Amino acid sequence: MATVKVILAGPRGQMGMAARRMIAATEAFETIAYLDRKSAEESGLQEGIPVYTDATECFSMHEADVLIDLTTPETAKEHLKLAIEHSIRPVIGTTGFTDEEIDQLRNLTEEKQLGAMIVPNFALGAVLMMKFSQIAAKFYSDVEIIERHHDNKLDAPSGTALKTATLISEVRNEKVQGHPNETETLRGARGGDVEGMRIHSVRLPGSVAHQEVIFGGHGETLTIRHDSMNRDSFMPGVKLAVETVMKSSTLIYGLENIID
């Protein structure tokens, strides 16, 4: 396999630092530029790898194969479109894309014959949790999701929780859970509602990424749980996504679509 030339956006965050370690440890990958809000002098990224604050300039200056973007939803959307325009395959590790946006971006990638991935959660175990939950939902119609993340996470619920609910809804008949006359004496106590399912978000320091999918039946419950203890747990998924976009010619949303 030829060396995959990578531009990394968001190199100073926890995920970005883990990605830097993963790329350095992968013989077939090479980081050729960083894309950051701060310059090399301001950011302290003094590794001999050029640092850019302007995406257009960065993409124009380097013939990269892949953009790994670990920034924010707003920034990632901008970077993704620019990367496609410059024939760079994007791997986007954030949430916040609507179905309409995903369809539009998929059309762009197919016009360019470029692989791309948007991945709400790079943890392979989290993807398996979602797959197992979809299987279980065929047999249990009552389900609630509890997701827990660090207190600096900007969105709630998480993209993983929403993706889990979407996968479950594909096989589950919509059902409003709980007593038909229940009321919330404290607004939001029952969590968010997705087709009658409830999603609860916890934000605490010390957490990384955790989710429980709890099914209830007659005289029993089934809990499917995944825990990421550190950001290195996401790196096998990032590596798999990079390898996948090098071989595909369309946009793929979620690792579950490439794990058989």
Side-chain angles (χ1 to χ4, degrees), residues 6 8-26 29 66-73 76 90-97 102 115-137 143-168 199-215 222-245 248 251-260:
V6 177
L8 176 61
R12 290 183 296 116
Q14 294 293 325
M15 280 287 287
M17 289 189 288
R20 284 157 61 187
R21 293 191 295 270
M22 181 274 291
I23 295 168
T26 304
F29 293 178
V66 172
L67 165 71
I68 299 176
D69 190 293
L70 304 171
T71 60
T72 63
V91 171
I92 307 298
T94 188
T95 58
F97 291 85
I102 291 169
M117 285 199 71
I118 299 172
V119 184
N121 194 322
F122 282 111
L124 299 180
V127 176
L128 292 172
M129 169 193 63
M130 290 188 277
K131 282 181 168 285
F132 297 157
S133 297
Q134 189 180 47
I135 293 171
V143 55
E144 302 212 3
I145 298 170
I146 303 173
E147 56 95 351
R148 176 164 55 93
H149 285 78
H150 55 90
D151 57 338
N152 288 319
K153 185 171 177 60
L154 297 177
D155 57 325
S158 70
T160 299
L162 289 172
K163 184 67 174 179
T164 304
T166 298
L167 291 171
I168 289 173
I199 301 178
H200 310 268
S201 297
V202 179
R203 297 291 176 267
L204 288 172
S207 301
V208 177
H210 316 264
Q211 181 169 295
E212 292 181 70
V213 186
I214 306 171
F215 295 90
L222 170 65
T223 300
I224 302 171
R225 174 172 176 149
H226 177 261
D227 298 277
S228 284
M229 305 306 184
N230 56 54
R231 273 77 178 181
D232 289 330
S233 66
F234 302 116
M235 291 307 110
V238 175
K239 182 174 181 289
L240 178 60
V242 171
E243 293 168 346
T244 299
V245 298
S248 63
L251 184 146
I252 300 168
Y253 182 77
L255 284 182
E256 69 276 4
N257 293 301
I258 60 174
I259 297 178
D260 295 325

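This one's a predicted model, so the numbers in the text were calculated from it and none came from an experiment. FYI, the numbering just counts along the sequence from 1.
Put simply, CD1 on I214 and NE2 on H200 are 8.0 Å apart, with the number rounded to the nearest 0.5 Å. Atom CD1 of I259 is separated from atom CG of L128 by 5.5 Å, given to the nearest 0.5 angstrom. In this structure, I258 CD1 and L240 CG are separated by 4.0 Å, a value rounded to the nearest 0.5 Å. Here the CD1 atom belonging to I68 is positioned 7.0 Å from the CZ atom belonging to F29, to the nearest 0.5 angstrom. Here the straight-line distance linking atom CG of D232 with atom CG of N230 works out to 5.0 Å at 0.5 Å rounding. Between the OG atom in S158 and the NE2 atom in H210 there is a gap of 11.5 Å [rounded to 0.5 Å].
Annotation for G115 and P90: closest pair O-CD, 3.7 Å, computed over non-hydrogen atoms. Contact detail for E212 and T223: the closest heavy-atom pair is OE1-CG2, 3.6 Å. Among all heavy-atom pairs drawn from S233 and S228, the shortest one is OG-OG, 3.2 Å. In plain terms, the two heavy atoms of T160 and P120 that are nearest each other are OG1-O, 4.0 Å. What you find for V208 and H149 is that their closest heavy atoms are O-CD2, 3.4 Å. Taking each heavy atom of A76 and T71 in turn, the nearest pair found is N-OG1, 3.6 Å.
Under the 4.5 Å side-chain criterion, counting only non-hydrogen atoms from C-beta, L124 is in contact with L255. Put simply, the side chain of Y253 reaches to within 4.5 Å of the side chain of K163, judged on heavy atoms. F122 has its side chain out of reach of V127: every pair of non-hydrogen atoms, C-beta onward, lies at least 4.5 Å apart. Using a 4.5 Å heavy-atom threshold, the side chains of I23 and V242 count as separate. E256 is not listed as a side-chain neighbour of Q134, based on a closest heavy-atom distance of 4.5 Å or more. Using a 4.5 Å heavy-atom cutoff, the side chains of D227 and M229 are in contact. Residues T244 and M117 meet the side-chain proximity criterion, which asks for heavy atoms closer than 4.5 Å. In this structure, L70 and L8 have side chains that are in contact, with non-hydrogen atoms separated by less than 4.5 Å.
Exactly one residue among T94, L154, I92 makes a side chain to side chain contact (heavy atoms under 4.5 Å, CB included) with P73. That residue is T94.
For the pair R148 (side chain) and L204 (backbone), a donor-acceptor distance under 3.5 Å is absent. Looking only at distances, no side-chain donor or acceptor of E147 sits under 3.5 Å from a matching main-chain atom of A161. Distance alone, capped at 3.5 Å, places no donor-acceptor pair between the H226 side chain and the I224 backbone.
Of the N and O atoms on the side chains of T164 and Q211, at least one donor lies less than 3.5 Å from an acceptor on the other residue.
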Determine, step by step, whether M235 and M15 satisfy the side chain to side chain contact (heavy atoms under 4.5 Å, CB included) criterion, reporting the C-alpha distance in whole Å, the side-chain angles of both residues, the deciding distance to 0.1 Å, and the verdict. CA-CA 9 Å; M235 291 307 110; M15 280 287 287; 4.0 Å; yes
What verdict does the side chain to side chain contact (heavy atoms under 4.5 Å, CB included) test give for I168 and F215, after you've listed the backbone C-alpha separation in whole Å, the side-chain angles of each residue and the deciding distance to 0.1 Å? CA-CA 11 Å; I168 289 173; F215 295 90; 4.2 Å; yes
